[in-house]
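Worksheet: one structure, shown below.
Every heavy atom of this structure was used, including side-chain atoms; hydrogens, water molecules and symmetry mates were not. Residue numbering restarts at 1 for every chain, and letters A, B, ... go by the order of the sequence lines. Small disclaimer: the values here were computed from a predicted structure and weren't measured.
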Amino acid sequence: MDLPFHVASHLDSALRASASRLGLNGRGFQPELRVADPAHGDYQANGALAFAKREKQNPRAFAQQLVDALDASIQGQFEVTLAGPGFINFRIKADVLLGWLGRFDSEEHLRTGASSARSGQTWVVDYSSPNTAKQMHVGHLRSAVIGEALCRLLTLNGARVIRDNHLGDWGTQFGKIIYGYKRWADPAALAADPIEELERVYQLGHAATPADSAELDEARVELVKLQAGEAGNVALWKKFSEVSWGAFQEIYDRLGIKFDHVLGESFYNDKVDRVYRELAESGLAEISDGALVVFHSEHPRFKTQPFLVRKADGASNYAATDLATALYRAEHFHADGIAILTDFRQADHFEQLFLTVQKWFAARGYRQPELHHVSFGAVTGEDGKALKTRDGGTIKLKALLDEAVERAFALVTEKSPDLPEAERREIARTVGIGAVQYSDLSQNRSSNYVFSWDKMLALDGNTAPYLLYAVARVHSIFRKAGLDPTHPPLAGATPPETPQELALARRLVQFADAVQSATNQLRPHFLCLYLFELAGAYSAFYAADKVIVDDPAVRARRLLLCHRTLITLETGLHHLGLRTLERM
RNA sequence: GUCCCCGUAGCUCAGCUGGAUAGAGCAUCGGUUUUCUAAACCGAUGGUCGCGUGUUCGAGUCACGCCGGGGACGCCA
């Protein structure tokens, strides 16, 4: 029997079947399969230890029973060994490795293998979500980059993914922008660099309307006029949205992001009344100090800390639109899962939101989507505070990307001076943007980090250039040998033999596990780490074993390893949102 | 005051539901190119996992307390 795409779940089923043969159904045996330290095997099962402990058995003897009861085909595919107090180790036999590599022979087949995990599911991913009338700065990078990677990973796992950009295009700041615009907008500057000018008048408007001032009241009047549909202000609002979107689109194009929907807060303006009504009818919401709030009596803190869904003046707020948004996504998109990417400071808000949604939907009998707040740490300056440039402004995302490409261009020019300039420019774009994306993706999203140009634009170590370089070297082999890398002649390939061949082949099979854990935990860094290790295994193989040799069997099996490394690295990188290169 | 997140090598970080000798990259030191891209490879140095107590066959991982950093807590989003 052939090894399936996801070897760990194959072993998981085999061990469960084995436990069942031992008459252990319903006793809660969990195999606990995981990728092993290569010193011990390819996969290990630790579940015998926990189970034996609970059942007061000798763990080593119990593990032995499990192994003895394994289906015979498992013994044919793996070297199965016991170690220590009862770890079960599995090492895939070399000819079985070759069989797996033979079947998963293209990006398409890798996708097919991965797609069973979430086929039939619909996911709405809410990411980027900048505020209109402001430029994106480094703080906006994480949501966009991580969000896009998760979209692609969910797609790879077979889900239908809806990319939704929940723009901050409504609310009190618009009163201030209109206030500032009407007084200080400069038509010439607006024509030259619209988003820059818009941001300037917003900042002026904000500064001119301090709390409890007559100016702030005037700004509020502008907002009321806008919300009441007054033609002049509505036209201004549309103009602000268009200008902002133009600037955002430029960034999205460079990052390879394309949204299916841009349903900003304004879209939900007329959908909040239903939220108020249904929350009140189901007894979830109450009036407190004139505002409509939800308490969660079972929660240690939210029993006293309210979730404020409508302000005392009757106006809607963030919570109201988020509730309306959740309902829209469940009803209109039939979402099975909703992932919202914002920084960790909104953790409380989303915890309250999700609790409220669950109770509300339950009361109404609406079907419940899985709700995930995909939070990430802040990008801060050296002082741990909000990031500022030397002159006190924020670092614009556009400038960051430009600098990344510039640095990559200097490097490619130094390393490959013979390539034509146009190609070096193209390489610099891919390497520079990829480095920025990868620096964000490769780190556990939960942690904060201190911004540094060098860190963000690092070009060695566990970085995009290292991975892209490995890809380019594979392409180079095919180019030198005069072979088409999409259909290389691989007939007659023998199973991997040398230590480097074996290590590489074993790593290739684990792509399935990396994609799985990255997607299930909504943490792309697991895939990054895998790809980095794969590229390392390839580099070691490349240094140790020459590919283009005379012996046809050796040559075929090494070309096969090169080709599978290529498709795996490319599939992985593409599903993180990066582009790849044939030469650099 | 209540609650949340973080604290691992000189620096930046991995460590998946407790599992085998705590791993990478950068930096430092040494080696590798008549052979497919040296943006590479091989090796070395470097750790009381913030501190303490506890839970158990086993704790970086779980519980409690403390120290340090960040954050959220009623009409911003």
When rounded to the nearest Å, what value does the distance between C1' atoms of B:G15 and B:U21 take?
15 Å
Starting the side chain at C-beta, find the nucleotide from B:C36, B:C41, B:G19 nearest to A:Lys546.
B:C36
Roughly how many Å apart are B:G65 and B:G46, using the C1' atom of each and rounding to a whole number?
32 Å
Should B:C49 form a Watson-Crick or G-U wobble pair with both distances under 3.5 Å, which nucleotide is its partner?
none
Heavy atoms from C-beta onward define the side chain here; which of B:G70, B:A14, B:A40 lies closest to that of A:Tyr469?
B:A40
When you compare B:G10 with B:C62, how far apart are their P atoms, in angstrom units rounded to a whole number?
24 Å
Starting the side chain at C-beta, find the nucleotide from B:A39, B:U37, B:C41 nearest to A:Leu411.
B:A39
Under 3.5 Å, is there any donor-acceptor pair linking the side chain of A:Gln44 to the base of B:A20?
yes
Proximal nucleotide (of B:U56, B:A72, B:A39) relative to the A:Lys53 side chain:
B:U56
With both distances under 3.5 Å as the test, what is the Watson-Crick or G-U wobble partner of B:A72?
B:U2
So, do A:His349 and B:A72 meet the stacking rule of ring centres under 5.5 Å and planes under 30°?
no
Nearest-nucleotide comparison on RNA chain B, the residue closer to the 5′ end among A:Ser288 and A:Ser447:
A:Ser447
Validate the cation-pi geometry between A:Arg310 and A:Tyr276: distance from NZ or CZ to the six-membered ring centre under 6.0 Å, angle to the ring axis within 45°.
yes
Nucleotide of B:C42, B:U35, B:A14 approaching A:His525 most closely (side-chain heavy atoms)
B:A14
With a 4.0 Å cut-off, would you call A:Arg555 and A:Asp551 a salt bridge?
no
Ion pair check, A:Asp454 and A:Arg407, cut-off under 4.0 Å
yes
Side chains of A:His140 and A:Ser128: is there a donor and an acceptor less than 3.5 Å apart?
no
Considering only atom P, compute the distance from B:A9 to B:A72 and round it to an integer number of Å.
28 Å
A:Lys311 side chain: which of B:C75, B:G19, B:A24 is closest?
B:C75
Under the 3.5 Å rule, do the base of B:A77 and the side chain of A:Asp343 count as making a donor-acceptor pair?
no
Integer angstrom distance from the C1' of B:U48 to that of B:A22
13 Å
Side chain of A:Phe87: nearest nucleotide among B:C42, B:A20, B:A39?
B:A20
For a quick check of understanding: with a heavy-atom distance under 4.0 Å over all strands, which category does A:Tyr466 fall into, base, sugar-phosphate or nothing?
sugar-phosphate
Select base, sugar-phosphate, or nothing to describe what A:Asp289 touches, counting heavy atoms under 4.0 Å on all strands.
base
According to the Watson-Crick and G-U wobble definitions, with both distances under 3.5 Å, which nucleotide is paired to B:C41?
B:G31
Base partner of B:U55, which must satisfy Watson-Crick or wobble distances under 3.5 Å
none
Could A:Glu32 and A:Arg34 be called an ion pair, given the rule that one side-chain N must be under 4.0 Å from one carboxylate O?
yes
Assuming nearest nucleotide by heavy-atom distance, tell me which of A:Gln173 and A:Ser476 is located more 5' along RNA chain B.
A:Ser476
Of the nucleotides B:A39, B:A72, B:C16, which has the atom closest to the A:Arg301 side chain?
B:A72
P atoms of B:U34 and B:A39, separation to the nearest Å:
16 Å
Atom C1', compared across B:G71 and B:G30: separation rounded to whole Å:
46 Å
Between the side chains of A:Asp513 and A:Tyr530, is a donor N or O closer than 3.5 angstrom to an acceptor N or O?
no
Per A:Asn317 side chain, nearest of listed nucleotides B:A77, B:G19, B:C36
B:A77
Ignoring the backbone of A:Gln443, work out which of B:C13, B:G74, B:C36 is nearest its side chain.
B:C13
In whole Å, what separates the P atom of B:G25 from that of B:U61?
25 Å
Would you call A:Arg558 and A:Glu501 a salt bridge, taking side-chain N to carboxylate O under 4.0 Å as the test?
yes
Here's one to test your reading of the geometry: is the NZ or CZ of A:Arg425 within 45 degrees of the ring axis of A:Phe409 and under 6.0 Å from its centre?
yes
My understanding is that a pair needs two contacts under 3.5 Å, Watson-Crick or G-U wobble. By that rule, which nucleotide pairs with B:G23?
B:C13
Using a cut-off of 4.0 Å on non-hydrogen atoms, how would the nucleic acid contact of A:Asn58 be classed: base, sugar-phosphate, or nothing?
nothing
Under 4.0 Å between any heavy atoms, over every strand shown, what does A:Asp545 touch: base, sugar-phosphate, or nothing? Just pick one.
base
Checking base pairs now: Watson-Crick or wobble, both atom distances under 3.5 Å. What partners B:G7?
B:C67
If you look at every strand shown and take non-hydrogen atoms under 4.0 Å, does A:Val549 touch a base, only sugar-phosphate, or nothing?
nothing
Sugar-phosphate only, base, or nothing, as touched by A:Ala540 at under 4.0 Å among non-hydrogen atoms:
sugar-phosphate
